[in-house]
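Data block below; observations after.
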Amino acid sequence: QRELGFERQIQESEPFSASLKLFAEVSPQNLLYGNLLAPRPPIFSGGYPRDNLFPGIIASALAFLGIVTTKSRARWFYFFLLAFAFLRSLGPRLYLSPTLPTDITLPYRWLYDFIPLMRALRAPVRFDALMMFALAVLAGNGLARIQESIKTKRITNTCPCGRCKG
């Protein structure tokens, strides 16, 4: 990999790692949360607005509901995929904000040391897309549970005896 130019040093990935603060910030253009959670003034890095990784309160709540209430074993796959992708997006060490690093080494560093393909990745923050995918699936499960609950209540409420279950 190194001879072909695909291998990167671990230090090259740190500027492209997510920080915990980025998961709490939204774009100023966000209609729902922009006035509340957007950085003022917007922060630019290299001429581009900095990544805002906030998944949303509603999506997070629905995903939590999907994990807690769904009986499917697949929920654990998506839960662990979410956790895996979140930890990888943070990069080789934990940053509380883009300019405030800690000395806490994260699993990305260990994978970098033991899996050669990890050395070709430059931007750990890209794992956020995988995290959002898993979150969307879990939120869909949570929404489906709410819909089932509403449907069951409607059927029970329309039965004259009140004892029927849908």
Side-chain angles (χ1 to χ4, degrees), residues 13-14 16-40 43 49-98 100-112 114-115 117-118 121 123-166:
S13 66
E14 284 194 14
F16 302 103
S17 300
S19 70
L20 293 180
K21 185 177 179 185
L22 292 179
F23 286 100
E25 290 181 349
V26 300
S27 170
Q29 292 85 11
N30 186 304
L31 297 176
L32 193 57
Y33 304 113
N35 289 332
L36 182 64
L37 298 172
R40 300 281 183 221
I43 301 168
R50 191 173 63 196
D51 293 328
N52 300 302
L53 306 175
F54 182 66
I57 295 169
I58 296 170
S60 298
L62 285 172
F64 177 76
L65 190 64
I67 293 167
V68 173
T69 63
T70 305
K71 303 276 190 265
S72 169
R73 287 182 9 192
R75 70 183 163 157
W76 295 116
F77 170 78
Y78 290 106
F79 172 75
F80 288 118
L81 181 63
L82 176 85
F84 170 86
F86 173 73
L87 284 173
R88 295 319 168 274
S89 72
L90 294 173
R93 69 177 170 154
L94 182 64
Y95 277 77
L96 299 178
S97 73
L100 187 60
T102 66
D103 291 332
I104 299 172
T105 302
L106 297 173
Y108 185 94
R109 174 62 198 223
W110 304 323
L111 290 174
Y112 178 89
F114 294 109
I115 300 174
L117 276 176
M118 289 295 290
L121 298 176
V125 72
R126 291 183 184 148
F127 279 102
D128 178 64
L130 189 58
M131 185 193 91
M132 292 298 181
F133 167 72
L135 185 84
V137 171
L138 292 169
N141 288 342
L143 184 60
R145 293 295 294 168
I146 290 172
Q147 289 175 330
E148 288 173 19
S149 176
I150 292 170
K151 184 179 177 182
T152 302
K153 286 180 183 177
R154 281 188 187 159
I155 291 172
T156 304
N157 290 340
T158 58
C159 178
C161 69
R163 290 187 232 147
C164 300
K165 299 280 183 196

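Throughout, numbering of the chain's residues begins at 1 and tracks the sequence.
The two residues L32 and N30 have their closest heavy-atom pair at N-OD1, 2.9 Å. For F79 against I67, the heavy-atom pair with the smallest separation is CD1-CD1, 3.4 Å.
Classification of the W76-F80 ring pair by plane angle, with boundaries at 30° and 60°, yields tilted.
In this structure, CG in L121 is found 8.5 Å from CZ in R126, a value given to the nearest 0.5 Å. Between L96 atom CG and T102 atom OG1 the span is 5.5 Å, to the nearest 0.5 Å. Here the straight-line distance linking atom OG of S72 with atom CZ of F77 works out to 11.5 Å at 0.5 Å rounding. To the nearest 0.5 angstrom, F54 atom CZ is 8.5 Å from L36 atom CG.
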Show your working on salt bridge (Lys or Arg N to Asp or Glu O under 4.0 Å) between E148 and R145 and close with a plain yes or no.
-> CA-CA 5 Å; E148 288 173 19; R145 293 295 294 168; 3.0 Å; yes

Side-chain donor-acceptor pairs of residues 82-93 under 3.5 Å, sequence neighbours excluded:
{"from": "R88", "atom 1": "NH1", "to": "F84", "atom 2": "O", "distance (Å)": "3.3"}
{"from": "S89", "atom 1": "OG", "to": "F86", "atom 2": "O", "distance (Å)": "2.8"}
{"from": "R93", "atom 1": "NE", "to": "E14", "atom 2": "OE1", "distance (Å)": "3.1"}
{"from": "R93", "atom 1": "NE", "to": "E14", "atom 2": "OE2", "distance (Å)": "3.3"}
{"from": "R93", "atom 1": "NH2", "to": "E14", "atom 2": "OE1", "distance (Å)": "3.3"}
{"from": "R93", "atom 1": "NH2", "to": "Y95", "atom 2": "OH", "distance (Å)": "3.4"}

Review item, side-chain donor-acceptor pairs of residues 132-143, under 3.5 Å, at least two apart:
none

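Looking at S13 and Y108, their side chains come closer than 4.5 Å, going by heavy atoms from C-beta outward.
Applying the salt bridge (Lys or Arg N to Asp or Glu O under 4.0 Å) test to pairs two or more places apart or on separate chains, none has a residue in residues 60-76.
Heavy atoms from other residues, nucleotides or ligands lying under 6.0 Å from CD1 of I146 number more than 12.
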